[in-house]
There are 2 protein chains.
Amino acid sequence: METELAELVRGVSHRLRRGYGERFGPLGLTPGQARALRAIADAEPPLRMVQLADLLRIVPRSVTPVVDALEEAGLVRREVDPANRRSTLLVLTPEGRTRYEQVREARRQAAEELFSVLTPEQREQLRSLLSLVEGRSA
Amino acid sequence: METELAELVRGVSHRLRRGYGERFGPLGLTPGQARALRAIADAEPPLRMVQLADLLRIVPRSVTPVVDALEEAGLVRREVDPANRRSTLLVLTPEGRTRYEQVREARRQAAEELFSVLTPEQREQLRSLLSLVEGRSA
DNA sequence: TATTGTTATACTCTATAACTATA
DNA sequence: TATAGTTATAGAGTATAACAATA
């Protein structure tokens with residue numbers, strides 16, 4: 001019973017990831033990079049590396065190559081925090097802003113495709129149940 | 001809206017995988033190996049490599065290292081299919097059977113821990129909704 | 001010619017440990 | 001001494017391409 005639930009979660013997550021991969025590929029981004037770009041774009045004021053790690057729930061070391069890729073692609077700039085020279089601020093470039101809009105649309109399409117079989121009420125139900133499992137307020 | 005759903009699925013799946021990893025570690029298995037062991041143990045008659053790949057929804061090439069690990073651990077034996085010498089049959093050893101029982105209990109515990117916040121009715125609801133998304137009969 | 005499985009290789013995501021610069 | 005980030009390294013999971021053996 002619980003086992004089957006677990007397998008279903010795994011399956012849906014797998015499909016989701018695959019859908020993202022296919023849609024982000026043409027944008028030159030992996031799902032992880034797209035996710036980081038989104039976090040950086042939504043942040044105000046600019047994020048530091050540790051904060052991004054927290055948001056993505058990965059260790060700071062694992063953030064480095066992700067930001068490296070975004071920086072090489074010209075989407076994000078690293079800036080030294082004037083207030084604390086140990087810290088790095090992550091600033092979106094104009095190209096980054098444009099790409100982010102495309103990422104957002106790609107995400108929307110992938111999620112829409114996957115969850116299109118559900119009615120709005122069912123989606124809300126699913127969202128509520130998963131929120132409970134995630135331990136956030138439903 | 002759909003985006004948030006997607007993020008929730010991702011988070012729950014991540015927790016699930018982490019829970020499995022912690023519990024399978026002492027058994028000397030990665031989550032992927034445990035999953036393959038389960039498929040092999042449940043199969044009757046014995047699976048061939050391609051069939052296992054199909055069940056796990058990965059390409060045959062990716063099955064090879066998983067089965068390598070299970071065979072090195074003495075849990076599974078590769079046998080040439082007498083009916084088709086190109087094929088490899090995957091046979092569980094007695095140790096494999098024992099380990100599989102432990103894996104099953106570990107899985108059960110991990111899933112129970114994660115979904116314990118839900119009532120039985122809510123679990124059934126969640127299972128039903130995810131089944132719809134997975135495109136199987138709810 | 002098609003199928004089964006493997007060798008070789010590579011990429012994504014994530015982790016731990018040790019180090020540098022700064023506080 | 002503690003914090004922010006990096007270099008170095010590793011392991012899990014997955015993929016494509018080329019190939020051998022068999023059908």
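Here is the naming used below: chain letters follow the sequence lines, and residue numbers restart at 1 for every chain.
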Using a 4.0 Å cut-off on protein heavy atoms (strictly under), produce a 5'-to-3' string for nucleotides 18-23 of chain D with B for base contact, S for backbone-only sugar-phosphate contact, and - for none.
---BBS
In whole angstrom, what separates B:H14's NE2 from C:dA15's P?
6 Å
Under 4.0 Å between a side-chain nitrogen and a carboxylate oxygen: does that hold for B:E7 and A:R107?
yes
In whole Å, I'd like the distance from the CZ atom of A:R57 to the C1' atom of C:dA15.
17 Å
Ionic contact status for A:R10 with A:E4, cut-off 4.0 Å
no
Less than 4.0 Å between a side-chain N and a carboxylate O, is that true for B:E105 and B:R23?
no
Can you tell me if the side-chain N/O atoms of A:T64 get under 4.0 Å from OP1 or OP2 in D:dT7?
no
Taking only Lys NZ, Arg NE, NH1 and NH2, and the carboxylate oxygens of Asp or Glu, determine whether B:R17 and B:E22 approach each other closer than 4.0 Å.
no
Could you state the CZ-P distance from B:R35 to D:dT14, rounded to the nearest angstrom?
7 Å
Carboxylate-amine/guanidinium proximity below 4.0 Å for A:E113 and A:R108
no
Between A:R78 and A:D68, does any NZ, NE, NH1 or NH2 come within less than 4.0 Å of an OD or OE carboxylate oxygen?
yes
Nearest-angstrom distance from the residue atom CZ of A:R48 to C1' of D:dT6:
16 Å
Given atom CG of A:L52 and atom P of C:dC13, what is their separation to the nearest angstrom?
13 Å
Would you mind telling me which residue lines up with the more 5' stretch of DNA chain D, A:D68 or A:R10, judged by nearest nucleotide?
A:D68
Residue A:M49, side-chain atoms from C-beta onward, closest of D:dT6, C:dA15, C:dT6
D:dT6
Distance test, side-chain N/O of B:T30 to OP1/OP2 of D:dG13, below 4.0 Å:
yes
Rounded off to whole Å, could you give me the CZ-to-C1' distance for the B:R18 and C:dT14 pair?
9 Å
Between CZ of A:R61 and C1' of D:dA8 the distance, given in whole Å, is 8 Å
What is the separation between atom CZ on A:R78 and atom C1' on D:dT6, rounded to the nearest whole Å?
9 Å
Over all strands shown, is A:S62 touching base, sugar-phosphate only, or nothing at heavy-atom distances under 4.0 angstrom?
base
Same cluster or not: are A:L37 and A:L27 linked, directly or through other Ile, Leu, Val, Met, Phe, Trp or Tyr residues, by side-chain heavy atoms under 4.5 angstrom apart?
yes
Of the listed nucleotides (C:dT4, D:dT16, C:dA15), which one gets closest to any side-chain atom of B:V50?
C:dT4
Select from B:Q51 and A:R17 the residue whose nearest nucleotide in DNA chain C is closer to the 5' end of that strand.
B:Q51
Closest listed nucleotide, where the reference is the side chain of A:P65 and the choices are C:dT14, D:dT7, C:dT4:
C:dT14
